[in-house]
Amino acid sequence: MCGIVGYIGSRQAPNVVLHGLKQLEYRGYDSAGVAVIEQNGHIALRRDAGKLSNLESLLISSPLKGHIGIGHTRWATHGEPNARNAHPHMSMDGRVVVVHNGIVENFLELREELEDEGVKFSSDTDTEVIVQLVERHLGGGVDLETAVRQTLKLLKGASAVVVMNIDHPDELICARLGNAGGITIGLGNDEIFIASDIPAILEYTRRMIFLENRQMARLTRNDVQLSDLNGQAIAPEVHTISWDPVSAAKGEFKHFMQKEIFEQPRALIDTLGGRADFENGRVNLPEMNLTPELVQNLRKIFIIACGTSYYSGLVGKYLIESIARVPVEVEYASEFRYYNPIINSNTAVLAITQSGETADTLAACEQATAQGAHLWSIVNAFGSQSMRISDGYIPMQAGPEIGVASTKAFTNSIMDLYLLACALGELRGTISPQQLRQLVEDTARIPDLAGQVLDRDQEYEELANLFFKANDFLYLGRGINYPIALEGALKLKEISYIHAEGYPAGEMKHGPIALIDTSMPVVAIATKDSLYEKMISQIQQAKARGGVVIALATEGDQTILREADHVIYVPKTPPYLAPIINVLPLQLLSYHIAVRRGADVDQPRNLAKSVTVE
Ligand code: AGP
C-alpha cells in the first residue's frame with residue numbers, strides 16, 4: 001500500500017508531494033516522509049511515524065522549501081514502522097535520497113557488502129541498500145542515471161524507486177522492476193510529476209506516461225528520457241486520462257476486480273510488511289497477542305468463514321496442521337453456529353473475513369466467545385467489527401477491495417495463514433529455527449513470482465476466448481490445491497454466471513466423471529508436488545471420456561503437454577505457498593470469460609460485497 005510522489009517545477013515541491021500522498025491515503029500506511037533540494041543546494045528531510053497529519057504538522061512547525069522533491073507513505077516491510085525507517089532514505093554522504101516500493105530480496109548480502117566497505121546504515125530497511133549503492137556508483141564519476149542503472153542491476157525482487165541527488169539538482173530518476181506497484185509520470189507545462197498511482201497527480205495533469213517492467217526514466221521539468229536497464233532509449237507513450245474520480249481509482253484498469261488482481265504482488269508485499277523478519281528468520285504478529293502458554297495449550301483451532309474466505313481457511317488447515325501440528329477444523333460460519341461445536345479454553349476460533357462485517361461470521365464469533373474460545377481474526381477492513389471483537393488479529397493489509405469477487409484479500413489471507421502457522425510452529429517447537437528461517441525466506445520471492453504470472457495475462461484471455469460459451473466447468477485439485485479448485489470455480493460462477501464445480505480430483509471417479517464430455521471444460525491444477533502423478537492419471541481419466549482439459553502446470557513440465565489440451569504454466573513455487581500463485585491464472589481466466597460474456601464484473605447480479613444479513 002506504499003505511496004510515492006515526486007515533483008520538479010515552479011510550485012513548492014513539499015505542497016505537491018503532501019497533497020499527492022493524501023490522495024493515496026486510502027492505501028493505509030504507518031509512516032511518511034518528504035525530501036527536497038533547498039535553495040542552498042542541500043537535501044532537507046522531514047519524516048514521521050503514524051498518520052500523514054503528523055508529517056503535515058511537522059512541515060508546519062519546520063517548513064521545507066524547494067522546487068524539486070520526493071515523498072512516500074510507507075507500510076513497513078523491513079524494520080519497525082517509525083521515523084528512522086520512514087522514507088525517503090538518505091545516503092551516508094547526504095547527497096542522495098530515495099523512495100521505494102517493493103522488497104529487495106537480496107538486501108542482506110548487499111548490506112553486508114556495503115558495511116564491509118565502511119558504510120554505516122541508519123535504518124533497518126531493505127530500501128537503504130539502494131541509496132547507499134547509488135552513492136557508491138556515483139563515486140565512480142558516472143552520472144545519476146548511470147549510477148541508478150548500475151544499482152538496479154544488483155537488486156533482486158520487485159521494486160519501484162525514485163532517486164534525487166544534489167549533484168543533479170534539476171532531475172529525478174525513476175525506475176520499475178517487476179510488479180511492486182507502478183510509476184506514473186505526469187507531464188505538466190514546464191513541470192513534471194511522478195506518482196505510484198494516478199489519483200495522486202490527476203488534478204495537475206491528464207497526460208501520463210506509465211513505466212513498464214524493467215524501464216527507467218530521467219526526468220527534468222520539461223523532458224522525459226525513457227530507457228531500459230541496458231540504457232536503450234525507448235519512445236515514451238503518452239496517455240491522456242479522461243477519468244472521473246471514481247474511475248480514476250481504477251487506474252489504467254477497466255474494472256476494480258482487474259485492478260485488484262494486478263495489485264496482488266504489492267498487496268502481498270504489504271501483508272509481509274513488518275511481519276516476515278528476513279534478517280532474524282522469524283515472524284512477528286504483534287496484534288495476535290500470542291503467548292507460549294496459550295499456544296502450547298492449544299488443542300484445536302476452528303477456522304470459520306464464508307465463500308472465498310472459507311476456501312482460504314481450507315488452505316490454512318494444511319498450513320497450520322503441517323507446520324504447527326495443531327488439529328484444525330474448517331467450518332462454514334453459517335453451519336458452525338447450529339451444530340453445537342465442542343469448544344473449551346484450549347480452543348481457538350479463527351475467523352477469516354475481508355469485510356469484517358459478514359453477519360454469519362460475526363454471529364459464529366459471538367458464539368465462539370460465549371463458549372469460552374480464544375477468538376482470532378484475519379481481516380482486511382481495518383477497524384471492522386470482526387477486528388474489534390477479537391482477542392488477536394492479523395490485518396490482511398490488502399488495501400480496499402472494491403470488486404465484489406474477492407481476489408487480493410484471498411491471496412493475502414493465505415499468506416497471513418502461512419505466517420500464523422510459522423509463528424505457532426515456533427512457539428510449539430514443531431519447527432527448528434533453521435526450518436523457520438527457510439519458511440520465512442520462501443515468502444520473499446512470492447510477490448515477484450506473482451508478478452511473473454500476471455505478466456502472462458494475454459494467455460488467459462486467449463483461453464477465455466475459447467471457452468466463454470461453455471455452460472459448465474469442472475475444476476480439479478488435490479491436497480493443498482483442492483481449495484484452489486473450489487475458489488477457481490467460485491470465481492467463475494459469481495462473475496460469469498457459468499455453472500462450475502470444484503472437486504477433489506480423487507473424487508471425480510466417484511460420480512462427477514459421469515458429467516465429462518466435450519462440452520464441459522475441466523481445469524486441472526497439476527503443478528509439480530507430491531500428488532502430481534495422481535493428477536496426471538485424473539487428467540487421463542477425463543481425456544478418456546472425451547473431456548477437454550486445461551492444466552495448470554509448473555514451468556518446464558513437458559509431460560503435461562502430451563496429456564492436456566491446453567497448458568497454463570506457473571513458476572516453480574515452494575509447495576506451501578503454491579496456492580497463492582496457482583489461483584492467479586484462475587482469477588484472470590474467470591475475469592476474461594466474464595468480460596467476454598458482457599457480465600457486470602464488479603457488481604455481479606444478486607451479490608453484495610459484504611453480506612451483512614443472514
Ligand atoms: C467472494 O468472491 C464472494 N464475494 C463471497 O464469497 C465472500 O468471500 C464472502 O461473502 C465472505 O466475505 P468476507 O470475507 O467479507 O467475510
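Counting convention: from 1, in listed order, for ligands and their atoms alike. Just so you know, these numbers use all the heavy atoms, side chains as well, and skip hydrogens, waters and symmetry mates.
- Look at K408 and E401 and you find no salt bridge, because none of the NZ, NE, NH1 or NH2 atoms lies under 4.0 Å from a carboxylate O.
- At least one donor-acceptor pair under 3.5 Å links the side chain of Y418 to the backbone N or O of L439.
- In terms of protein heavy-atom proximity, atom 4 (N) of ligand 1 is nearest to V404 O, 2.8 Å.
- For the pair K491 and ligand 1, a heavy-atom separation below 4.0 Å is found.
- How far NZ of K491 is from CE of M257: 6.0 Å, rounded to the nearest 0.5 Å.
- Nearest to atom 6 (O) of ligand 1 among the protein's heavy atoms is G307 CA, 3.2 Å.
- Close approach of ligand 1 to E494 (heavy-atom distance below 4.0 Å) involves ligand atoms 1 (C), 2 (O), 3 (C), 4 (N).
- No option in V453, L449, V583 other than V453 meets the side chain to side chain contact (heavy atoms under 4.5 Å, CB included) test with V570.
- Given atom 10 (O) of ligand 1, the protein heavy atom at minimum distance is V611 CG2, 4.0 Å.
- Between the side chain of E260 and the backbone N or O of I402 there is at least one donor-acceptor pair closer than 3.5 Å.
- With respect to atom 9 (C) of ligand 1, the closest heavy atom belonging to the protein is C306 O, 3.8 Å.
- When each atom of ligand 1 is checked for a heavy atom of T308 under 4.0 Å away, the hits are 1 (C), 2 (O), 6 (O), 8 (O).
- Of all atoms in ligand 1, listed by their number and element, those nearer than 4.0 Å to a heavy atom of T358 are 12 (O), 13 (P), 15 (O), 16 (O).
- Contact atoms of ligand 1 toward A405: 2 (O) (distance under 4.0 Å to a heavy atom of the residue).
- Across every non-hydrogen atom of S390 and W376, the tightest pair is OG-C, 3.9 Å.
- With hydrogens and angles left out, the side-chain atoms of S312 and S413 include a donor and acceptor closer than 3.5 Å.
- Close contacts between ligand 1 and S406 involve ligand atoms 1 (C), 2 (O) [criterion: under 4.0 Å to a heavy atom].
- Contact annotation: the side chain of T347 never approaches that of R299 to less than 4.5 Å [non-hydrogen atoms, C-beta and beyond].
- The S309 neighbourhood of ligand 1 comprises atoms 8 (O), 13 (P), 14 (O), with distances under 4.0 Å to a heavy atom of that residue.
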